[in-house]
Structure formats: structure tokens, C-alpha cells
Number of protein chains: 2
Amino acid sequence: MTDLLPPIQTTARDDAVLKALAGFVRQEALGPGEKLPTERILAERLKVSRNTVREALTRWEGLGLVERRQGSGTYLKAAVSPDMLHMPLTLAGGNDFAGLMATLEIRRALEAEAAALCAIRAGKAELAEIERKLDLMEEAFQTRDGMSSEEDWEFHQAVFRASGNPLFEQIIAAMYEMFHRFWEHPLGVRDFGHASFPYHRTIFNCIAARDPEGARTEALKLIATVEDDLKRGAANLKLSDRR
Amino acid sequence: MTDLLPPIQTTARDDAVLKALAGFVRQEALGPGEKLPTERILAERLKVSRNTVREALTRWEGLGLVERRQGSGTYLKAAVSPDMLHMPLTLAGGNDFAGLMATLEIRRALEAEAAALCAIRAGKAELAEIERKLDLMEEAFQTRDGMSSEEDWEFHQAVFRASGNPLFEQIIAAMYEMFHRFWEHPLGVRDFGHASFPYHRTIFNCIAARDPEGARTEALKLIATVEDDLKRGAANLKLSDRR
DNA sequence: ATGCACAAATTGGTTGGACCATTGAACCAC
DNA sequence: GTGGTTCAATGGTCCAACCAATTTGTGCAT
């Protein structure tokens, strides 16, 4: 009732440019990594100023769809289609302990759901991929004595990817930066993340056994251990960080 | 081991502009709705071209942080801070059934977790606010015979807000557009959302009773009914949309 | 004074052209 | 081959002007 009669768009140059460009990408079947026409050519072909083309491409760049390399060209970074839906999300203040805990709660929600969905939907190939990442992680864990954050992350990524819903991976990928920043300075907790180790295997077992609720439960347990480590780290910090 | 030696950043003009602008907003304590300096003034003050200012603002506009009105000015649309984290989410084929299901799965994950957290953390004031929204919704439901999408939404928002974690509300707000768009054209399902109605009350009861797991369970049930309606709608669509 | 029509100033949107900085390939000397 | 050099292509920045929408001010009629 409220907003039928959308505001009429008298001008929308750069949007039109993006629409045309999306159509071009579709027609040419361009995929990630491929180079698209130069700004000058686009400007000439579309009969708009190069500045307008640049504004349009800036939008796509901000959305992570495209990467510009000076002197080289503009390259696709993700699959684009004319009917994409964008949900830009900006999170305020995630540098401190509270922010980290907040992201961890999001992760708990998504991790549990993704594991459950994964148990329902994962195909044989995805299952094999997850197990491969798990093996890699366990090997790294024993070889480097617990320093397996990279492999750990790849395991979780594989689970998210196999959930069949790209949003899981996207949201969590954006949070990766935050976790990674933290994992390099684990607040003096020497064996940070050790407690979570066994649950990776149990999660995988539930997924492989097609047990959604079991996978959900194990995922919740895993996050709980990480939360615990985090709280211990915060306590350490409070004791040692007197200045 | 892998990414020590990060690529050096020789120039980053527009990023610098945004950083400066974020600092300005912070210093002037500007909030949503307020107007920020004109492009020409920014260009002059920051000693950069107006073009560069425009590219920077285009980025913020794309992220939904800012709104430009020709002839009027540029206005803040959301709170900005220098340490924001941006995560643009893009969903291919956003208009169709699959896209809506994808966002619904995210919503299921967040809704369940938020309800559980809410049962643990909500204070008296938050609890009262949730109940108020619930009453409003129930009233609207009976008065307008099921058309209570706005009030429905506000109820869920109140729950998210009372979870004590702002990220829940932010993420779900980014997805609001998709839900809203759909609620106006419920695929011919006449009583869309009716089935979910009673669960709002049961969720609230669990929260008020400080029963996290109960709240989680009820939230999952609610989303399940919406998913069900959605599938029925998709079935209707398949039957009627032959062309 | 009040209200309305019109002009002027303000502001974002677009254009065209110029130049700079980086990249990558072709080429050359050793 | 290896390591420079040159050079054309390409994105990044700048400038100056003009267009289009909005806001503000001005002055006239009532």
C-alpha cells in the first residue's frame, strides 16, 4: 500500500551503464578473472562520458564484483548477472573484545545452521572435499602443534560452501578478516583453539551420517569452546594490561 | 608465512578521502539524516579534485551509508565510524524463489540464535518493548485480517535489538528489502504468514520465562511455517505462470 | 502581512579533454 | 637467459565548464 508508485527515474546514467555492462557480461559469457573492456571503449560505445563509466565501475568495485588494476585493466572478480540483488552490510566497531564476541555469536548462528543444511544437502563431491580439508587440518595440527588456523578456516569454508546457500560463505568470509586479525595475537592464550579441534571431526561425522541435528549440536559445542578461549584471553588481558 | 610482505599501497586517494570524511563525521558528531559538506567544499578543503570526492562518495552511496539529492546535498543515511567493516552481499538471481529461500535460511539461523540470546539477556525494558510490539501485531492481525507485515517486522526487530548484539539487527536489516518486496506480492497465497502468527506469542513467552532453548525451538518453528508458505506459493506460481 | 509566481543561487550529475602513474610487452645490450 | 630501456595501453587524477534538480530569496498582487 505504501510504495506502489515508485519514484520516477528521470536520469540514472550510471545505473544504465551497469545494466548494459551486466548484459554485455552475460552475452559474452565472461567469468571471474576475465578482463572487460577499457573505460575509454565503454565510454565511446555507450555514448557516455568516461567519468560516468568510472562512477559505475566504482560502484561495482565497492561491491566487490570487479577489480581495477592501473595500467592493466578492469577484471571481473565474481559472477555478475543482470538480476543480482545487493545487500551491502557495514558493521560498526569490531576491533575490541566485545566486537569479537559479537561476531562470534553470529558465527555460532550461521555455523550451526550451515552444518545442519550441509548434512541434508552435501553431495558426494562436497563431502569428499570437506573430508580432505579435515585431513589437512588434522595433519597440520599434529605437525605444527596446534597452529592450524589456515586449515581450520578452510574446513569451515568448505562446510559453508556445501550448505548450498552462497550467503553463508559470503557473510562469514567478510568476518574472516576480523577473526584472522585476532588469531595472530591470541591474547596470550598459548593453546588457543586447541579445545575446538576434536569437534571438527565430530561435525564431519554427523554430516556424513546425514544427521542435521547432530551436526548442529556439535557445531554449537565447537563455538562454545572458542568462546571459552576468548573469555580466558580477555581475563589474561585484564591482568597483564595494566598501564 | 604466506602473506608477510603485503603489496605496498602507493596511492589510495579516495580511500584517504573517505577516511578523512569519516573522521569529520565523528568529530562533528553527525548522525543519520544530517547533511555533510558539499562536494565542492570537500574538494577544496581536502585539496583533491571534485572528481575524486565524487568517486569516494559514490562508494559510500553504494554501501548505503549516504544519500545524494541533486540540488539539495548529500545526507548521512546511517551511522559511520572510522573503523567500519564492510561486507557487501550479492545474491545472483535475487528476484526469484531460490533467492528468497536463501535469505530465509539466513534468517532462520539468526532468528533462532537471537531469540535464545534474548531469553538470556533481555532486560525489563526490552521485554516490555517486545510485548508492546507483540500486542500491536496481534491487534493489527485481528483488525486487518492477517495484514500485519509491518507490525510483524517490528516485533522481530525488537527481539533482535534485545539480543544485545547489534550485528543481528544490522544483518537482517540488509535483507529487509527482499522480504518486503515479497510480502507485497505473496505469490497468490492469500493467507501468507497466517500460520506463523501464534508462534510470535510462544516465542515471547519463552523469552519472558528465560528459556533460551525453548525460544530457539519456537523461532525455528516460526520460520518453518514461513518456509512452508513460500513453497506453497512457488507451487502456485508454477501452475499459474505458464506463458 | 500573506501568499504566490518567478528569478537567482546552490548543489549534485555529466561532459570533454588533458595529464600523471602503473603495467606489461617488445626490444636491446650484455 | 638476464637485466635494463622504451613505448603504448590503461586506470587514476585533475580542471573547467555546463546541465538538471532543488532550495532560497525577491517582489508583486491581494
Side-chain angles (χ1 to χ4, degrees), chain A residues 5-22 24-25 28 30 32-78 80, chain B residues 5-22 24-25 28 30 32-78 80:
Chain A
L5 293 189
I8 152 175
Q9 290 296 349
T10 165
T11 51
R13 284 290 234 258
D14 37 7
D15 269 338
V17 168
L18 288 186
K19 207 171 137 193
L21 197 49
F24 174 81
V25 168
E28 298 285 308
L30 295 183
E34 297 200 75
K35 183 175 166 182
L36 38 86
T38 50
E39 298 177 350
R40 285 172 177 86
I41 290 185
L42 284 174
E44 182 192 359
R45 292 280 215 284
L46 298 174
K47 292 294 178 196
V48 295
S49 156
R50 193 182 145 214
N51 256 333
T52 306
V53 172
R54 280 187 64 66
E55 294 230 354
L57 286 178
T58 299
R59 285 248 260 285
W60 269 14
E61 190 187 26
L63 265 56
L65 295 179
V66 111
E67 178 184 352
R68 291 150 126 175
R69 278 183 244 148
Q70 185 175 171
S72 176
T74 304
Y75 301 83
L76 277 178
K77 233 170 103 180
V80 310
Chain B
L5 292 189
I8 92 175
Q9 289 296 349
T10 163
T11 51
R13 280 290 234 262
D14 37 6
D15 268 339
V17 168
L18 287 185
K19 208 171 134 193
L21 198 49
F24 174 81
V25 169
E28 298 286 306
L30 295 183
E34 297 201 73
K35 183 175 167 184
L36 38 86
T38 61
E39 298 177 349
R40 287 172 175 86
I41 291 185
L42 284 175
E44 184 192 357
R45 291 281 214 285
L46 298 173
K47 292 294 178 194
V48 296
S49 156
R50 192 179 148 218
N51 255 332
T52 306
V53 172
R54 276 184 110 327
E55 293 229 351
L57 286 179
T58 298
R59 287 247 262 282
W60 269 13
E61 190 187 26
L63 263 51
L65 295 179
V66 112
E67 178 183 354
R68 291 150 125 175
R69 275 182 248 150
Q70 186 175 169
S72 175
T74 305
Y75 300 83
L76 276 178
K77 232 169 101 180
V80 310

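Sequence lines set the chain letters: A, B, ... in the order given, protein chains first and strands last, and positions in each chain run from 1.
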Can you find an N or O donor on one side and an acceptor on the other, under 3.5 Å apart, linking the side chain of Arg50(A) with the base of dG12(D)?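 Yes, a donor-acceptor pair under 3.5 Å.
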Any N/O donor-acceptor pair, Asp14(B) side-chain to dG12(D) base, under 3.5 Å: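 When only heavy-atom distances are counted, Asp14(B) does not reach the base of dG12(D) through any donor-acceptor pair under 3.5 Å.
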Starting at atom [atom1] of [X], determine the distance to atom [atom2] of [N], rounded to an integer number of angstrom.
{"X": "Gln70(A)", "N": "dT10(D)", "atom1": "CD", "atom2": "P", "answer": "13 Å"}
{"X": "Tyr75(A)", "N": "dG11(D)", "atom1": "OH", "atom2": "C1'", "answer": "11 Å"}
{"X": "Arg54(B)", "N": "dT15(C)", "atom1": "CZ", "atom2": "C1'", "answer": "12 Å"}
{"X": "Lys35(A)", "N": "dA25(C)", "atom1": "NZ", "atom2": "C1'", "answer": "12 Å"}
{"X": "Asn51(A)", "N": "dA18(C)", "atom1": "CG", "atom2": "P", "answer": "15 Å"}
{"X": "Glu67(A)", "N": "dG12(D)", "atom1": "CD", "atom2": "C1'", "answer": "15 Å"}

Evaluate the side-chain proximity of [Y] to [X]: yes if any heavy-atom separation is below 4.5 Å, no if none is.
{"X": "Val48(B)", "Y": "Val53(B)", "value": "yes"}
{"X": "Leu42(B)", "Y": "Val17(B)", "value": "no"}
{"X": "Arg69(A)", "Y": "Tyr75(A)", "value": "yes"}

So what does Arg69(B) hit on the nucleic acid, given a heavy-atom distance under 4.0 Å: a base, only sugar-phosphate, or nothing?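 Touches sugar-phosphate only.
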Of the listed nucleotides dC14(D), dT14(C), dG12(D), the one nearest the side chain of Thr52(B):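 Given the options dC14(D), dT14(C), dG12(D), the side chain of Thr52(B) is closest to dC14(D).
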Near DNA chain C, which residues from residues 37-49 of chain B have a heavy atom under 4.0 Å away?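 Per residue number, the list reads Thr38(B), Glu39(B), Arg40(B).
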At less than 4.0 Å, is any side-chain N or O atom of Arg68(B) found next to OP1 or OP2 of dG13(C)? Yes or no. yes
Lys19(B) side chain to Asp14(B) backbone, donor-acceptor under 3.5 Å: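 No, the answer is negative, given that no donor and acceptor are paired below the 3.5 Å cut-off.
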Is any NZ, NE, NH1 or NH2 atom of the basic residue among Glu67(B) and Lys77(B) found under 4.0 Å from an Asp or Glu carboxylate oxygen of the other? no
I'd like to know if Glu61(B) and Arg59(A) make a salt bridge, using a cut-off of under 4.0 Å between side-chain N and carboxylate O.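 Salt bridge: yes.
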Do Thr58(A) and Arg68(A) pair up side chain to side chain, a donor and an acceptor below 3.5 Å, judged on atom types alone? yes
